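Let me begin by presenting the structure, written as structure tokens, before commenting on it.
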Amino acid sequence: MEKKKTFYISTPIYYASANLHIGHSYCEIITDSIARYKRERGYDVFFLTGADEHGEKIAKNAELAGKSPQTFVDEIANNFKSTWGKLKISNDDFIRTTDPRHVALVKKVFTKLYNQGDIYKGKYQGWYCTPDESFWTESQLGPNHTCPECGRPVQLKDEEAYFLNVKKYIPQLLKFYDEHPGFVPGGKLNEMINTFIKPGLEDLCITRTTFDWGIPIDQDPKHVVYVWIDALLNYLSALGFLSDDDSKFKKYWSKDTEIVQFAGREINRFHTIYWPILLFALNLRIPDTIFIHGLLLTRSGVKLSKSLGNAPSPLPLIDRYSLDALRYYMVREVPIGDDGSFTPKQFIERINNDLVNNYGNLLNRSLSMIKKYYDGVVPVYVEPKGELTRKIYQDINLYLKEYELQMDAYNITKGADAAMKLINLGNKYIEDQAPWTLAKSENTKAELAETIYALCEVLRIGSIILRPFLVEKAPEALKQLNVPPELTKYDSIREIGKLGGVITNKGEQLFPRLDREVETKFLAELIDGRPGEKE
RNA sequence: CGCGGGGUAGAGCAGUGGUAGCUCGUCGGGCUCAUAACCCGGAGGUCGUAAGUUCAAAUCUUGCCCCCGCUACCA
């Protein structure tokens, strides 16, 4: 038997300074959809997400909450996990930067790079606010060199720190970019090159002594590893790199594995510049793709964030509209790679049009006809005679190919669109065939049968390809159709003609219609914390 | 200042040289299997702006205006 192809996909690890909002859910949902698609296609998938739990901000927030940092992040990590459970995120592991396995790896990597001369001790210079005990960069400062947080004056101050020698690897990095044009899709690389590399990239400061909630380095324990070396290594520590059991690392970081890592555009720089350099220094392969996704904005185009009070939790949305409604909206409405928005109007229209009117309705009307004309039993397939029936099978194939093409390029927005267009073929086909007319005469019985049969295939195939997005409702649709388990597998998607005799099991409507006025009000209050204007 | 992205029907978007397209909304028609759903048709755009290249430009070149993002160790 041929060895399964392997696939490794990761989200960034979210900073555990506060609880999650819908923006984090966005990244989880798109990566989960891809992970699920790859599993459907027979890949051996490793899907990773996690939490970034070190740093000054977390230490401060913990203190404010009257908790130890560890207790604080334990609670938040649990919150992450339980939220992802509710979103049915199918991650294979959850990495925390406070995990012993992660701490051990960071220390090992630091030591290795230190010993090979890629890390050296130097001085970090920045604007320091003594009362707040924090460093700021020139651009972060308030007017007249004041602390952006407390407004008091800051002083230029030196601090002993360790640096990663990134300059050394720039030529190798540029060569790599050149040879791998698909590394960062969507033209998001030039910005990095022009802004950071061309003007001359400085070495990266990777330790701090001004706080202690971090991983202390063995060489100099008053230093803790600062942000990015710690955070980026999660992708390797979760695989057991440099640990007693590195079987996962060998499997999923091998040169044969397809590796794609998702990151928001705000952390583009770290993933497209420093991360490859770190891997160069460790003499490891580079991921195939760093996919920079957009952010979820509100209607006014303002970044979702807790401080603006416009970032709802995903949970009330799930409770009210079903998990799949939320998942579908994010996949289909936000063009992957671009920023998107979450607005009541768009949400309601997208759900009503695609899920209620198109998909749910097709299932409902098809099952009704099977019940009415065939007592609930799918008619036997015969070679189609009608021109339109032959055409619909061709069109199904066309959209199926388009779907696979898009999904293989991680373009789930267009993949979901192709799936929905495939479903829509069914609605148009019904209109063209007018089964209610065919049912009136004995002469057209055969045509009625082939019509109803074709609809079952549209629904079977459509539901299979919607399954990565609609993790509850697509299986539900297949259940109502009562498709035999082996025919619900992706491998059998092109096996047309085997559904004859299946006893269908018509159930509840897949998606209830959303009332525009009522739901606009509900959503506007959820997003803005106040009633929105009517649209 | 610099860099990246963008300005196409009421809204949201496709469209990199050859009679302007999609979804939603809107208007009109049809159907009745279906969740007032579904199907068909119409109206609606001088493709930010000015100039240039070309037989031909939304699509290539240049200038200008406007919007969004990034600008360094900050998730």
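By convention in this document, chain letters (A, B, ...) are assigned in the order of the sequence lines, proteins followed by strands, and residues within each chain are numbered from 1. Computed from a predicted structure; not experimentally measured.
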Exercise. Within this structure, what is the CG-to-C1' distance between A:N234 and B:rA75, rounded to whole angstrom?
Worked result: 12 Å
Exercise. Does the cation-pi check pass for A:R320 over A:F522, that is, NZ or CZ under 6.0 Å from the six-membered ring centre and within 45° of its axis?
Worked result: yes
Exercise. Are OP1 or OP2 of B:rA34 and a side-chain N or O of A:K506 less than 4.0 angstrom apart?
Worked result: no
Exercise. How long is the line joining CG of A:L514 and C1' of B:rC24, in whole Å?
Worked result: 15 Å
For this session: Looking only at side-chain atoms of A:R513, point me to the closest of B:rA34, B:rC39, B:rU35.
Result: B:rU35
Exercise. Ring centroid separation for A:W228 and A:F270, is it under 6.0 angstrom?
Worked result: yes
Exercise. Aromatic ring centroids of A:F110 and A:H223 under 6.0 Å?
Worked result: no
For this session: Could you measure between the two P atoms, the one in B:rG44 and the one in B:rC22, and give it in whole Å?
Result: 15 Å
Seminar exercise, completed: Among B:rG25, B:rU32, B:rA75, the one nearest any side-chain atom of A:K57 is B:rA75
Exercise. Hey, which of A:L470, A:D354, A:N364 is the one that makes side-chain contact (heavy atoms from CB on, under 4.5 Å) with A:Y359?
Worked result: A:L470
Exercise. Can you find a side chain N or O atom of A:K372 that sits less than 4.0 Å from OP1 or OP2 on B:rC33?
Worked result: yes
Problem set entry | Greater than 12 external heavy atoms within 6.0 Å of A:N482's CG | yes
Exercise. A:L510 near the nucleic acid: base, sugar-phosphate alone, or nothing, with a heavy-atom cut-off under 4.0 Å?
Worked result: base
For this session: Would you indicate what A:E349 reaches in the nucleic acid, counting non-hydrogen atoms under 4.0 angstrom: base, sugar-phosphate, or nothing?
Result: sugar-phosphate
Exercise. Based on Watson-Crick and G-U pairs with both distances under 3.5 Å, what dot-bracket line describes RNA chain B 5' to 3', crossing pairs as [ ] and inter-strand pairs as |?
Worked result: .(((((((.[[[[.)..(..]]]].(((((.......))))).....[[[[[..)....]]]]])))))).....
For this session: Report which part of the nucleic acid A:D203 touches: base, sugar-phosphate, or nothing (heavy-atom distance under 4.0 Å, all strands).
Result: base
Exercise. Quick one: what's the B/S/- string for nucleotides 1-15 of chain B, heavy-atom cutoff under 4.0 Å, read 5' to 3'?
Worked result: --SS-----------
Exercise. Counting side-chain heavy atoms from C-beta on, which of B:rC33, B:rC39, B:rU35 comes nearest to A:N424?
Worked result: B:rC39
Problem set entry | Touch class at under 4.0 angstrom, heavy-atom based, for A:R350 against every strand present | nothing
For this session: Please state the C1' separation for the pair B:rU19 and B:rG7 - nearest whole angstrom.
Result: 25 Å
Problem set entry | Note: A:E431-A:K428 ion pair, threshold 4.0 Å (strictly below) | no
Exercise. Crowded around A:K371 NZ? As in, over 12 foreign heavy atoms under 6.0 Å?
Worked result: no
Exercise. For the pair made of CG in A:D432 and C1' in B:rU32, what is the distance, rounded to whole Å?
Worked result: 15 Å
Exercise. Which is true for A:N361 with a 4.0 Å heavy-atom rule: it touches a base, it touches only sugar-phosphate, or it touches nothing?
Worked result: base
Exercise. Should the ring pair A:F80 and A:W84 be called parallel, tilted or perpendicular, given that the plane angle runs from 0 to 90° and is split at 30 and 60?
Worked result: tilted
Exercise. A:R516 CZ to B:rA37 P: how many Å, rounded?
Worked result: 10 Å
For this session: Would you mind telling me which of B:rU35, B:rC38, B:rG69 lies closest to the side-chain atoms of A:N364?
Result: B:rU35
Problem set entry | Rounded distance in Å - CD1 (A:I292) to P (B:rG69) | 18 Å
Seminar exercise, completed: Taken to the nearest whole Å, CD/A:Q433 to C1'/B:rC40 is 16 Å
Exercise. Do any side-chain nitrogens or oxygens of A:N357 fall under 4.0 Å of OP1 or OP2 in B:rC38?
Worked result: yes
For this session: Determine whether the side chains of A:T49 and A:Y14 contain a donor N or O and an acceptor N or O closer than 3.5 Å.
Result: no
Problem set entry | More than 12 heavy atoms of other groups within 6.0 Å of A:K121 NZ | yes
Problem set entry | A:R269 side-chain proximity, nearest of B:rA72, B:rA75, B:rC39 | B:rA72
Problem set entry | A:W436 CH2 to B:rC39 P, straight-line distance once rounded to whole Å | 11 Å
Exercise. Does NZ or CZ of A:K473 lie under 6.0 Å from the centre of the six-membered ring of A:F511, at an angle within 45° of the ring axis?
Worked result: yes
Problem set entry | From B:rC33, B:rG69, B:rU71, nucleotide with atom closest to A:R265 side chain | B:rG69
Exercise. Touch check for A:L201, heavy atoms < 4.0 angstrom, all strands: base, sugar-phosphate only, or nothing?
Worked result: base
Problem set entry | Closest to the A:F196 side chain, choosing from B:rU35, B:rC70, B:rA34 | B:rC70
Exercise. Can you tell me how far P of B:rA75 sits from CD of A:E53, to the nearest Å?
Worked result: 15 Å
For this session: For B:rG17 and B:rC55, measure between their C1' atoms and round to the nearest Å.
Result: 12 Å
